[in-house]
Amino acid sequence: RIQFVSEVTPYEMVYGVALILAILELCRRVTGSVLPFITAGFLAYPFVAGLPGVLQHAGYELSDVVEIQYLTLAGIFGVPVAASANFVILFIIFGAFLERSGLGAFIIEFTTGLVGRYRGGPAKVAVMASAMTGTISGSAMANVLTTGTLTIPLMRRIGYPNFMAGAIEAAASTGGALMPPIMGNVAFIMAQFAAVPYALIALYGIIPGVLYFLGVFCTVHWAAVRYGIGGLAPEDLPNWRVNFRERGHLLAPIVLLIALMMQDYSPQFAVVYSIGAVVAVSWLRPSTRMGLRAILDALENGAKGAVLVAVACACAGAIVGVFELTTVGVKLAQSGNELAGSLFMGLVITMVVSIILGMGVPPSVSYIAQIAVTIPMLQIFLKMEGVDPETAKIVSHFFVMYFATIAVLTPPDALASIAAAGVAQAPFLKTAIHATRTAFVAFIIPFMFVYRPALLTLGTWEEIVGAVFIAVIGIMALSVALEGYCLRRLTVIERGLTFAAGFALVVPDQLWDMIGLAVLVVLMLFQWWAWRTAKRCLS
């Protein structure tokens with residue numbers, strides 16, 4: 001029996017059990033039944049002795065569980081709750097102030113005026129607006145329920161089926177949780193567990209976040225070209241230049257936040273001053289001025305959002321406490337090493353586990369649950385491939401975080417797709433399947449930055465530029481292959497070759513890069529020649 005503090009007294013037993021039950025009930029009320037059910041399953045695990053294989057342990061008493069969960073910093077009061085109290089709540093309040101100042105509406109109107117006229121205009125508005133509002137909310141569901149209420153009706157108006165409109169918005173909104181500076185609140189927790197400054201975590205996440213939206217944007221574009229979906233009528237387009245002149249000043253607090261973080265100020269310092277800047281900047285124009293009522297509303301909305309995150313983080317801490325008590329995480333990591341046998345298989349196993357653990361729970365919870373299992377396994381494999389320990393650590397944490405975030409998009413329990421299907425009044429499963437298809441390229445990006453750490457800015461400028469160039473070409477190729485259309489419809493052979501060329505660019509080998517680029521050049525020349533010939537015949 002492990003004794004972490006001292007012998008648990010009867011009063012501590014009562015208080016500890018009451019705390020655990022209260023957290024489970026609070027979690028049920030604010031997040032639904034999935035997360036408390038998963039947490040309860042983990043909490044029951046120490047009492048079940050005689051399990052087979054790596055899950056085997058001698059059994060623990062209730063006092064052991066109460067001790068680690070209630071009396072130590074390894075359980076409920078561990079890193080997740082600490083990150084929530086120190087960082088996350090402030091950024092949630094910051095996002096609430098930005099939203100209440102009118103920044104969300106400005107982003108929608110600005111992006112609509114900017115790209116709404118092009119093919120599939122509202123779908124591209126959804127992608128761009130979700131990327132920008134993702135820096136505010138950091139939540140896929142929040143993005144759907146803000147940008148989606150405007151973009152989904154617009155998409156349906158120009159010809160998108162309801163399920164496709166919902167799918168595009170769900171795919172775009174999911175990427176908002178990957179965009180710095182907030183990154184779905186996982187960034188703060190990752191900074192604690194990875195022992196890396198938060199500013200660096202945000203820096204590492206910029207290129208993968210942009211690549212995600214590039215992939216979704218390209219897929220949306222080729223789909224619009226394929227099905228002949230146009231843009232909005234000129235009379236429906238707001239003037240983005242006028243809009244920017246009138247409300248562009250609302251972006252200043254975000255610029256201030258990034259600038260302070262880059263100068264190595266603490267996140268708390270930067271975000272508190274940025275919250276003050278929101279109020280100050282809003283007074284530059286009467287149309288955006290925040291009064292006392294607006295400030296109180298922002299504080300109320302921020303507090304409500306903070307409750308959800310805090311309770312979810314408490315459940316995540318309870319799961320970590322079970323791993324700490326039973327040491328099952330070490331056993332599972334060792335077992336995973338034996339099962340995978342290679343880096344690629346280890347990545348595939350980690351991807352599947354991350355998506356399964358992310359069903360119905362916030363990305364932060366899924367990420368934390370894997371810190372003791374899949375992340376150590378990936379670090380071992382990367383070190384065996386010759387990657388230095390620090391790079392291996394960063395890459396492993398980002399790989400798990402990425403798929404934990406994407407899990408809110410994929411069926412059967414896709415939170416972002418549920419919200420989008422509700423707004424679009426579309427069948428949930430059909431929406432979730434098409435949302436996963438729209439964001440298909442996103443499933444490739446984590447493999448790219450594992451094999452090319454320069455995509456996380458871990459390398460020289462020459463390596464970063466080269467890696468970004470290859471990644472952009474590869475993502476565009478995969479999006480073309482996914483939709484089967486470029487200048488004209490691709491044949492089966494052309495589509496297969498385009499897929500192969502795109503995947504060849506993922507492999508970190510100069511020969512494969514050259515082969516992939518050569519194949520793409522030849523295919524594009526064929527496309528251009530066939531398109532030009534068809535155009536001449538029509539004329």
Side-chain angles (χ1 to χ4, degrees), residues 83-112 128-139 141-143 145-147 149-150 173 176-177 179-185 187-188 198-199 201-202 205-206 209 238 240 242-310:
S84 172
N86 291 327
F87 305 104
V88 177
I89 184 173
L90 291 173
F91 278 84
I92 291 175
I93 293 173
F94 175 58
F97 269 82
L98 286 174
E99 187 64 35
R100 193 63 181 80
S101 71
L103 181 61
F106 159 70
I107 289 173
I108 292 292
E109 293 186 20
F110 176 74
T111 52
T112 301
M128 293 187 64
S130 294
M132 296 175 71
T133 56
T135 65
I136 303 172
S137 68
S139 167
M141 291 189 69
N143 273 10
L145 297 175
T146 51
T147 62
T149 54
L150 296 173
S173 294
M179 284 295 290
I182 297 178
M183 294 172 62
N185 304 317
F188 311 103
Y198 163 77
I201 295 291
I206 291 176
W240 65 269
V242 173
N243 193 270
F244 187 81
R245 284 199 299 268
E246 292 180 351
R247 291 189 285 179
H249 59 282
L250 296 176
L251 294 170
I254 298 177
V255 176
L256 174 65
L257 174 69
I258 296 172
L260 290 174
M261 297 291 290
M262 290 180 65
Q263 295 180 38
D264 293 330
Y265 286 98
S266 70
Q268 295 97 322
F269 180 94
V271 75
V272 167
Y273 274 85
S274 298
I275 290 172
V278 175
V279 179
V281 165
S282 73
W283 278 69
L284 293 177
R285 288 187 178 274
S287 60
T288 62
R289 189 171 296 162
M290 292 183 69
L292 179 61
R293 179 72 262 174
I295 293 173
L296 293 176
D297 286 343
L299 289 171
E300 180 184 355
N301 294 335
K304 289 178 179 178
V307 168
L308 189 151
V309 174

* Structure fact -> Those residues at least two apart in sequence (or on a different chain) that pass side chain to side chain contact (heavy atoms under 4.5 Å, CB included) with V272 are L90
With rounding to the nearest 0.5 Å, note down the distance linking [atom1] in [X] to [atom2] in [Y].
X    : Y    : atom1 : atom2 : result
W240 : R245 : CH2   : CZ    : 9.5 Å
N243 : E109 : CG    : CD    : 5.0 Å
R285 : R247 : CZ    : CZ    : 11.0 Å
I93  : E300 : CD1   : CD    : 12.0 Å
M128 : S130 : CE    : OG    : 11.0 Å
L299 : I275 : CG    : CD1   : 8.5 Å

Check [X] against [Y] and note the closest heavy-atom contact, atom names and distance.
X    : Y    : value
L250 : G102 : CD1-C, 3.9 Å
P253 : L98  : CB-CD2, 4.3 Å
S173 : T147 : OG-OG1, 4.1 Å
I92  : G305 : CD1-O, 3.8 Å
F106 : G248 : CZ-CA, 3.8 Å
V279 : F97  : CG2-CE2, 3.8 Å

Is the side chain of [X] donor-acceptor paired with the backbone N or O of [Y] at a distance under 3.5 Å, no angle test?
X    : Y    : result
S101 : S282 : no
R100 : I295 : no
W283 : M290 : yes

* To do: For side chain to side chain contact (heavy atoms under 4.5 Å, CB included), just list the numbers for I254 and S274, CA-CA rounded to whole Å, side-chain angles, deciding distance to a tenth of an Å, and then say yes or no.
  => CA-CA 7 Å; I254 298 177; S274 298; over 6 Å; no
* Show your working on side chain to side chain contact (heavy atoms under 4.5 Å, CB included) between F244 and L251 and close with a plain yes or no. => CA-CA 10 Å; F244 187 81; L251 294 170; 4.0 Å; yes
* Below 4.5 Å, heavy atoms only, C-beta onward: do Y265 and Y273 meet side chain to side chain? -> no
* Side chains of E246 and S287: does their closest heavy-atom pair fall under 4.5 Å? -> no
* Trace of the side chain to side chain contact (heavy atoms under 4.5 Å, CB included) decision for N301 with E99 -> CA-CA 10 Å; N301 294 335; E99 187 64 35; over 6 Å; no
* To do: Kindly determine whether V271 and L257 satisfy side chain to side chain contact (heavy atoms under 4.5 Å, CB included), including the steps that lead there.
  => CA-CA 6 Å; V271 75; L257 174 69; 4.3 Å; yes
* Compute the centroid of each ring, for F87 and then for F91, and state whether the two points are separated by less than 6.0 Å. => no
